[in-house]
Structure formats: structure tokens, C-alpha cells
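Report on the structure given below.
Please read these numbers as outputs of a predicted model, since none were measured by experiment.
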2 protein chains.
Amino acid sequence: MNFNDIQRDAVYEAIHNRRDIRKFLPTPLEEDKIRNILLAGHHAPSVGFMQPWDFILVTAPEVKHQLAEAADKERRALAIHFAAEGRDDKFLAIKVEGLREAPLTVCITTDPTRGGDHVLGRNSIPETDILSVACAIQNMWLAAYAEGIAMGWVSFYKKSDVRRILNIPPHIDATALLSFGYTDEYPDQPILEKSGWAKRQTFENLLHFNSWDNKEKKEGSR
Amino acid sequence: MNFNDIQRDAVYEAIHNRRDIRKFLPTPLEEDKIRNILLAGHHAPSVGFMQPWDFILVTAPEVKHQLAEAADKERRALAIHFAAEGRDDKFLAIKVEGLREAPLTVCITTDPTRGGDHVLGRNSIPETDILSVACAIQNMWLAAYAEGIAMGWVSFYKKSDVRRILNIPPHIDATALLSFGYTDEYPDQPILEKSGWAKRQTFENLLHFNSWDNKEKKEGSR
């Protein structure tokens, strides 16, 4: 826990430069790098140490194809809502082809029964199970960055479709689809920022001090 | 995106050695380190780039005291369920004093209205807002590790209590309480593992290949 500047800066570089990637090269991924990335996920914090995650590794072309079809169906369905806001063109340009192109897609799941009836923390806040899985996703993203591998998180699909395609039991949540591959386009800004879809929030506007309604930091208040 | 071995290993060290800490020293935290940690949270991925987080920085002793009381009340209430499983002693030993001791506690919140009516991804999977906030939590945890600062995620409290104490509006979710401080006890294993509360899952048991029911990796399947 005593990082020098190079080590500290490496963590920050991964955190700040990590991007959501949707375009992948067919170059195969090394087994040891995949294992490192998945292990980083497994070593995420989990509330009550419940470790509610499973990893379904999708490499079979026909399964990738079915996942891509499911995402594309949802993309077209959503476009109808965005059209009503006059934003459909930009939306439709966002590719789900990554699911077909990426050498590996991982469906990370949440098992709400893992750890028994009374898991510390989940007893109070039931959604701590999926929050733990999201921590695992972020670990995998940063690990992928450290390995020089791009990751994309696909979040439009109907869970019932993914459950059917991957034979996931009814009580297991298909929390996210994560595509991994090498890429030759790693942008310096989020793609949704670059495309003008959304802006980054001003950091200072998100800070509150001791109370939601106090946005001015007082001297000596910390 | 071209890390050398030292940079890559730094990311993995932070991921694997990060622990949930509940005991803090009163040593003040440096402003620039706190800012780095919060910025790491703000640079988390968010589905549809919605950035649904806010950060309420709690440093006032009377507010910390109220949060600790709320957590302790919930801890005692939960102990009744664990007693029925014969696990109350171990549970009651888990401290919530960290909320009182830590120089800084951050309540990270989720605003489900951020980004308007139709946020990309949240339209399909509504909980992507809290999943994004969990990614921010993990970024903050790793950033804190890189800064030599310990973090603890308190997840037992009633959200209505925290909302009242911090004057959080009804539509905003009080997703997590995160305590930060220096510590002289940074264990090499999760405290719940060390105390015998729970075991780490065997990694290989969590892997599936192309289908939930296929746990055997076939040659050439990747």
C-alpha cells in the first residue's frame, strides 16, 4: 500500500483513459490475459463477501450472432423513443456490431441466492448484489486497459433474450454483456461525448458538504 | 494504452490488495488526495454517459455521529436475523465505529433523473444508474489505495435515515456510505474471510463456456 508516483499514476491513467469500445480487431486474445482480467473481476469487493458473480465466456460464432441480434432488436426498438426526441440519427449510429466482432464476450451474472438467506449488507440494501457485480465489471475494465485490451459494455438487450440464448436459470440476473478485443481506435474522450450525445458534468457541481443543500465548502469544514 | 510491466502490476496490486477497512486513524487527509479520489469516481463509466452520481462530503462530527447511530441501529436490528442462524457473535464484532473515526465519509448518491427521460441503456435496464455509481465506488477505492488511504463501504443503514440526516431529496438514492482515512491495520485478506464469516469462491467454479450449463472448456473453444 505504498505506491510510488509511477505506480499511482498508472492507476489514474487506467481510470481516466479507459473508454467504452465498440470496434474490435479479430486478433485473438492471449489466454493468460483473459484469465488475469477475469480474476480481477473475481477479486472485486462484494458486500458481505457474497461474490455473487459468474462469468459466461462466449466465443462460439453462432452464440455471438444471437446476442448481436438480440441487442440490435432492442436498439431498433429504443430508436422509436429517441426519434420522438429528434435524436434517432445519432442513436442509430451507435454500433452493436462489437458483439459480433469481439473475439470474446463475457456475460457477467448476479446470483441473488449466493451466500445464503442473510448476507451482511444485502439484508439492508438488497441491490448490493448487483452493485458488487458492477465493481467486478469496473475491475475487469481497468485490468483490460492494463493489458492493452479494449472492452465495451453493451447495456441494451432484453434480459429474457440473453437468458434464453445462454441458458441462464430464471433466478440468475444477466447483469451485463462485456466485449473484449484488441482495437485500433481507442478515443481520448467517451464516444457519447465525442459524438455530441452528452456532455461531461462539471465536477464542482456534484459536490455537497455535510448536507445535500450545502454546495459551498466552508473554511475548515474538512 | 501501452503499459509496461510496472504499470500493469500496479493496477493489479491495487485490485488484489484493496481491502474494506473499518478502523481509521484521526490523521487528516490531504485536500489534493481527496480531490484525486473524488475525480476518479467522477471519471467512472456510466451507461449512456448519464453520470448519475453526487458526492456528499461529511466531515462535521455531529453529522458523522448521526450516521454512525443510524448504522448501529440497523446493525442491532440485523443481528436478530443472524442470531437465528447462530452467527450473531461474529456479526456483532463487525464495527461501524469507522463512521465516527474516519476523517471523511462520502455519501455517494444516484440521481435517476440525470440525463433526461431516455438515457441510452437505462431505457433497457433501469438499474444501470446504480451500476454506474458502483463503478464510481470501485474507482474511488482503487484511487484511495494508490494514495495510501483506506476506504470502508458501509452498507447497513436504512436509506430513509441517511436521507433525513443529509437532507437528500426523495427522488435521490443514497447508494453508499464510504469512509476514508489512514489506517495502521490493512489486512492481507478480506476481514469477513479472516474472521471465518465467509470463504472466497473457487475461481474455476464461476466459469461457464458459451452456455450456463457448460462448465467444461473445450479445446479450441476460444
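- A donor-acceptor pair under 3.5 Å is formed between the side chain of A/Gln51 and the backbone N or O of B/Gln201.
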CA sep, side-chain torsions, deciding dist, call: B/Arg35, B/Asp32, salt bridge (charged side-chain N to carboxylate O under 4.0 Å, His left out): CA-CA 5 Å; B/Arg35 187 181 162 84; B/Asp32 60 325; over 6 Å; no
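- Using a cutoff of 4.0 Å between basic side-chain nitrogens and carboxylate oxygens, B/Asp129 and B/Arg114 are not scored as salt-bridged.
- For B/Phe203, the parts lying near chain A are the backbone and the side chain together; criterion is any non-hydrogen pair under 4.5 Å.
- Chosen from B/Lys64, B/Arg19, B/Glu127, the residue pairing most often with chain A at heavy-atom distances under 4.5 Å is B/Glu127.
- Within the 4.5 Å cutoff, side-chain heavy atoms of B/Leu57 are placed close to those of A/Leu207.
- Inter-residue side-chain proximity for B/Lys215 and B/Glu204 is flagged as unmet; no heavy-atom pair is nearer than 4.5 Å.
- We find that A/Asp161 and A/Lys73 are joined by a salt bridge, their nearest charged nitrogen and carboxylate oxygen being less than 4.0 Å apart.
- Each of A/Ile137, A/Leu142, A/Asp9 has some count of heavy-atom pairs under 4.5 Å with chain B, and the biggest count is that of A/Leu142.
- Looking at B/Trp141, only its side chain comes within 4.5 Å of chain A, counting heavy atoms on both sides.
- The closest side-chain donor-acceptor pair between B/Asp54 and A/His208 falls under 3.5 angstrom.
- In this structure, the portion of B/Lys199 lying under 4.5 Å from any heavy atom of chain A is its backbone and not its side chain.
- For B/Arg18, the part sitting under 4.5 Å from any heavy atom of chain A is the side chain, from C-beta outward, and nothing else.
- By number of non-hydrogen pairs under 4.5 angstrom with chain B, the leading residue of A/Ile6, A/Leu39, A/Ile168, A/Asn2 is A/Leu39.
- For B/Tyr186, the part lying near chain A is the side chain, with the backbone staying farther off; criterion is any non-hydrogen pair under 4.5 Å.
- Contact of B/Ala176 with chain A is not made at all, since no heavy-atom distance falls under 4.5 Å.
- Proximity to chain A (any heavy atom under 4.5 Å) is shown, for B/Asn139, by both the backbone and the side chain.
- The shortest distance between side-chain heavy atoms of A/Leu166 and A/Val63 falls below 4.5 Å.
- Ring-plane geometry between A/Tyr145 and B/Phe3 is classed as perpendicular, the angle between the planes exceeding 60 degrees on a 0 to 90 degree scale with a lower cut at 30.
- Chosen from A/Asp20, A/Ile172, A/Val154, the residue pairing most often with chain B at heavy-atom distances under 4.5 Å is A/Ile172.
- Looking at B/Thr109, only its side chain comes within 4.5 Å of chain A, counting heavy atoms on both sides.
- Side-chain atoms of B/Ser155 and A/Thr128 form no donor-acceptor pair, as typed in the model, at a separation below 3.5 Å.
- For chain A, the nearby parts of B/Pro45 are the backbone and the side chain; heavy atoms of each come within less than 4.5 Å.
- Ranking A/Met1, A/Gln7, A/Glu62, A/Arg163 against chain B, the residue ahead of the rest is A/Met1, based on heavy-atom pairs under 4.5 Å.
- Chain A forms the most heavy-atom pairs under 4.5 Å with one residue out of B/Pro28, B/Ala77, B/Ala40, B/Ser46, and that residue is B/Ala40.
- Heavy-atom pairs under 4.5 Å with chain A peak, among B/Cys135, B/Ala14, B/Ala134, at B/Cys135.
- Heavy-atom distances place no part of B/Asn17 under 4.5 Å from chain A, backbone and side chain included.
- Checking B/Glu147, B/Glu30, B/Glu31 one by one against B/Asn36, the side chain to side chain donor-acceptor pair (under 3.5 Å) holds for a single residue, B/Glu147.
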